[in-house]
Amino acid sequence: DAGVTQSPTHLIKTRGQQVTLRCSPKSGHDTVSWYQQALGQGPQFIFQYYEEEERQRGNFPDRFSGHQFPNYSSELNVNALLLGDSALYLCASSSMDQGLGRTDTQYFGPGTRLTVL
Amino acid sequence: EDQVTQSPEALRLQEGESSSLNCSYTVSGLRGLFWYRQDPGKGPEFLFTLYSAGEEKEKERLKATLTKKESFLHITAPKPEDSATYLCAVRGGYQKVTFGTGTKLQVIP
């Protein structure tokens, strides 16, 4: 059973460029959340996707956008990169319980290390 | 706004020396408290989910407990391979998950 996968593993960009990160959820999961983790900090919630729609969003600017595909995989796009966007970007997948109206435990991928020069 | 505070920030133990990590939280309607383990440069690895005060879960040398204001991760007779950062997170009424900054554990042989 494949877990959450992310690509690429590492990425180096320059200020002002745009980047796209990709995530495939764990088998059986339909919800994807994205997090940004700066060095020495806990993960910060960016947004969550379910049924191809953004359901929740954290305190991140509109430069951060996403997409979910019919097969539940997801992309995170960041425009106009800043030095402060350098971080480990984590994808987490979970399953939405329609009856309870909530997602269960999130499982994380290995992350994408983004460096902005 | 949901908040999670973990203490201590760092903990150094001798192999076999048991201890506890603390996670204090404020959340509007707890929908779950989560413990993860994270090795440097890697994604968090799921350990436990707790839903209500009084609940306890165990896995090998780890035991997680939950009260209405805090959670503890008890580590019994730790080994060097238990060295990692332990993250606590809560999910509130709006589904958003809020993480603490973690406790960095080092177990010395």
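So you know, we letter chains A, B, ... as the sequences are listed, proteins then strands, and number each from 1.
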Once rounded to the nearest 0.5 Å, what's the spacing between atom [atom1] of [X] and atom [atom2] of [Y]?
{"X": "B/T49", "Y": "A/Q106", "atom1": "OG1", "atom2": "CD", "answer": "9.5 Å"}
{"X": "A/T105", "Y": "B/F34", "atom1": "OG1", "atom2": "CZ", "answer": "5.0 Å"}
{"X": "B/Q38", "Y": "A/L90", "atom1": "CD", "atom2": "CG", "answer": "6.5 Å"}
{"X": "A/F108", "Y": "B/F46", "atom1": "CZ", "atom2": "CZ", "answer": "11.0 Å"}

If you draw a 6.0 Å radius around [atom1] in [X], do more than 12 non-hydrogen atoms from other residues or ligands fall strictly inside?
{"X": "B/E70", "atom1": "CD", "result": "yes"}
{"X": "B/E81", "atom1": "CD", "result": "yes"}
{"X": "A/E52", "atom1": "CD", "result": "yes"}
{"X": "A/N59", "atom1": "CG", "result": "no"}
{"X": "A/R15", "atom1": "CZ", "result": "no"}
{"X": "A/R63", "atom1": "CZ", "result": "yes"}

Item to check | Proximity breakdown for A/Q6 and chain B, heavy-atom pairs closer than 4.5 Å | outcome: neither

Next on the checklist: What part of A/F47 gets within 4.5 angstrom of chain B, counting heavy atoms only: side chain, backbone, both, or neither?
Outcome noted: neither

Item to check | Verdict with reasoning, B/F99 to A/Y35, per side chain to side chain contact (heavy atoms under 4.5 Å, CB included) | outcome: CA-CA 10 Å; B/F99 277 82; A/Y35 292 82; 3.8 Å; yes

Checklist entry - Hey, does B/L87 have a side-chain heavy atom less than 4.5 Å from the side chain of A/P43? => result yes

